[in-house]
Amino acid sequence: MPKEYRTIQEVAGPLMLIKNVSGVTYNELGEIELASGERRRCKVLEVNGSDALVQLFESSAGINLSDSKVRFLGHGIELGVSEAMLGRVFDGLGHPKDGKPEIIPEKRADINGTPMNPAARNYPEEFIQTGVSAIDGLNTLVRGQKLPIFSGSGLPHANLAAQIARQAKVRGTNEKFAVVFAAIGITFEEANFFVEDFKKTGAMERTVLFINLANDPAIERIATPRMALTAAEYLAFECGMHVLVIMTDITNYADALREVSAARKEVPGRRGYPGYMYTDLATLYERAGRLKGKDGSITLIPILSMPEDDKTHPIPDLTGYITEGQIILSRELYRKNIAPPIDVLPSLSRLKDKGIGKGKTREDHANTMNQLFAAYARGKEAKELMVILGEAALSDVDKLYAKFADEFEKQYVSQGYTTNRTIEETLEIGWKLLSILPRSELKRIKDEYLDLYYGK
């Protein structure tokens, strides 16, 4: 039986100091029992001699210091995991939120996970088809990769996230594919949108949802992505599934981190975020990957809304260092009604070369990808010149490039949130667009592919 302490000294906001404790460890869970019998949970933030500083999960309202008692549970936050989690909705601490009973766990796992030994990692190299041309064709997602989506407030990243969760699959295999979706600090409307969308399209039965709403406590927000990754690790490495983890919105997570850090009076770093935010984000992102000797894998798509659309802000900046590329959504394209508004030029998937080519997508993929990038970049330049100097200043070839840029945005990038394109369809659209340009301009594509596909 855990020891009970009646030595609560003071409560300051979400923090509480307990005196004369023994054997209490960092990150341990505790329970506070009020005089009324109500129980609230807390977590040990620091231990100093015989003093323990804990953080409350719920509010501190109504706690009478002299009548309340605390006991420590001897373990950190744990999640009961089992395959029965698929098709279920949980809150940020792993309790059912869908009105169904608690799951019977196969085992209980610490939500902080165990770091993956770099030597035991397998290199990501299998193509994941998301059905979104701007990702599959130009910024290919590979199994085991971490590829964040950089969005801005008000941009439709929720629609894109739901579309990827619905459509993603590893091609040519009948291996089990699961999605773990963590919603961090989002509004009730957004949470409802995801649940309804997954139910309506039948994607729900292969999905585990963890939903932490904006009005839930900050400390729960810090646990939510770890809950999701713990579920993903179980499904991937113990059940052999390919798991796609989507988290939205990492910005809310970082703000919760800042809130907890400020409550502890830590020295702030850039923009008030704690100095250890880089390490903290890495402990999340680095849990994705493939392990040698295991069939399953975790592929991670964290979504973050950049404050003021600024990609030098600490959150996107640090995320960019840890992950392998980024997909950037553009406000300018959104205003042009292009859906999804993916800006392909600054977007990048650093592992795309590993997941494309013969046997994975198609042998002409790499060449057409480079040519589409080059032609779109030149087309955008031509359009800028046209704005400044007028159309008369452009050569005939430049006019074709400008036309190409417009058609590329309309036909290739803009496909709506319900179209699911195979990689072959994406490549065909690419060839159709390249046929706008004369063959002599396509210098990045081998002649053998031009003979096969150009103008067909």
Side-chain angles (χ1 to χ4, degrees), residues 5-32 34 39-65 68-78 92-93 110-113 115 184-185 212-227 229 247 249-285 304 307 313-315 317-319 322:
Y5 296 98
R6 288 182 178 269
T7 49
I8 302 174
Q9 193 68 26
E10 59 174 316
V11 176
L15 303 180
M16 187 158 105
L17 183 66
I18 301 141
K19 293 279 205 194
N20 306 331
V21 299
S22 63
V24 174
T25 56
Y26 173 67
N27 254 350
E28 191 174 332
L29 267 190
E31 238 180 17
I32 302 151
L34 279 57
R39 291 180 180 185
R40 298 190 191 171
R41 279 157 316 161
C42 60
K43 176 177 116 175
V44 178
L45 284 187
E46 59 187 77
V47 183
N48 185 358
S50 65
D51 296 355
L53 182 71
V54 301
Q55 173 147 29
L56 302 170
F57 283 102
E58 291 95 355
S59 84
S60 54
I63 295 181
N64 178 333
L65 301 191
S68 305
K69 50 192 179 191
V70 182
R71 46 179 172 268
F72 294 98
L73 306 179
H75 59 78
I77 306 177
E78 293 179 333
L93 288 171
D110 183 348
I111 64 161
N112 294 306
I184 308 164
N212 162 270
L213 296 175
N215 58 345
D216 289 332
I219 184 102
E220 181 179 312
R221 201 153 305 151
I222 292 172
T224 308
R226 292 184 167 81
M227 289 278 166
L229 285 160
M247 297 179 179
D249 181 330
I250 292 292
T251 303
N252 296 338
Y253 170 79
D255 287 346
L257 209 59
R258 176 165 69 177
E259 195 178 314
V260 171
S261 173
R264 290 172 68 176
K265 300 190 168 53
E266 291 173 341
V267 179
R270 270 200 298 171
R271 305 238 182 151
Y273 291 99
Y276 52 78
M277 187 161 82
Y278 178 84
T279 321
D280 195 279
L281 288 172
T283 59
L284 295 181
Y285 300 150
L304 52 95
H313 184 278
I315 304 168
D317 186 32
L318 297 177
T319 295
I322 305 164

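What you are looking at is a predicted structure, and each value in this text was computed from that prediction instead of being measured.
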Test Arg271 against Ile315 for side chain to side chain contact (heavy atoms under 4.5 Å, CB included), laying out the working first. CA-CA 10 Å; Arg271 305 238 182 151; Ile315 304 168; over 6 Å; no

Strictly below 4.0 Å, N to O, side chains only: are Asp280 and Arg258 in salt-bridge contact? no

Glu259/Arg221 salt bridge by N-O under 4.0 Å criterion: no

Go through the steps for Arg6 and Ser68 under the test side chain to side chain donor-acceptor pair (under 3.5 Å), then give the verdict. CA-CA 6 Å; Arg6 288 182 178 269; Ser68 305; over 6 Å; no

If you round to the nearest 0.5 Å, how far is [atom2] of [Y] from [atom1] of [X]?
X      : Y      : atom1 : atom2 : value
Asp110 : Ile77  : CG    : CD1   : 8.5 Å
Tyr5   : Ser22  : OH    : OG    : 3.5 Å
Glu266 : Leu257 : CD    : CG    : 8.5 Å
Asp255 : Ile250 : CG    : CD1   : 11.5 Å
His313 : Thr251 : NE2   : OG1   : 7.5 Å

If we only count heavy atoms from C-beta on, is the [X] to [Y] side-chain gap below 4.5 Å?
X      : Y      : answer
Gln55  : Glu46  : no
Val260 : Ile222 : yes
Thr283 : Arg226 : yes
Leu56  : Ile219 : no
Leu45  : Tyr26  : no
Ile18  : Gln9   : no
Leu304 : Thr319 : yes
Val21  : Phe72  : yes

Could you report the tightest heavy-atom contact between [X] and [Y], atom names first, then the distance?
X      : Y      : value
Pro314 : Tyr273 : CG-CD1, 4.2 Å
Glu78  : Met227 : O-CE, 4.3 Å
Ala218 : Ala256 : O-CB, 3.7 Å
Ile322 : Ala282 : CD1-N, 3.7 Å
Ala263 : Leu15  : O-CD1, 3.1 Å

Would you find a donor on one side and an acceptor on the other, under 3.5 Å apart, between the side chain of [X] and the backbone of [Y]?
X      : Y      : result
Asn27  : Gly76  : no
Glu28  : Thr25  : yes
Tyr253 : Gly185 : no
Glu220 : Gly92  : yes

Using the rule side chain to side chain contact (heavy atoms under 4.5 Å, CB included), only one of Asn212, Ile111, Asp216 pairs with Thr224; which is it? Asn212

With sequence neighbours left out, which residue pairs that include part of residues 48-59 fulfil the salt bridge (Lys or Arg N to Asp or Glu O under 4.0 Å) condition? Lys19-Asp51, Arg41-Glu58

Working note: Ile32 + Phe57, criterion side chain to side chain contact (heavy atoms under 4.5 Å, CB included); need CA distance, chi angles, decisive distance, verdict. CA-CA 11 Å; Ile32 302 151; Phe57 283 102; over 6 Å; no

Is there a side chain to side chain contact (heavy atoms under 4.5 Å, CB included) between Leu229 and Leu284 once you walk through the steps? CA-CA 8 Å; Leu229 285 160; Leu284 295 181; 4.1 Å; yes

Strictly by modelled atom types, are Arg40 and Ser60 linked by a side-chain donor-acceptor pair under 3.5 Å? no

Leu29 and His75: CA distance, side-chain angles, deciding distance, side chain to side chain contact (heavy atoms under 4.5 Å, CB included) verdict: CA-CA 6 Å; Leu29 267 190; His75 59 78; 4.2 Å; yes

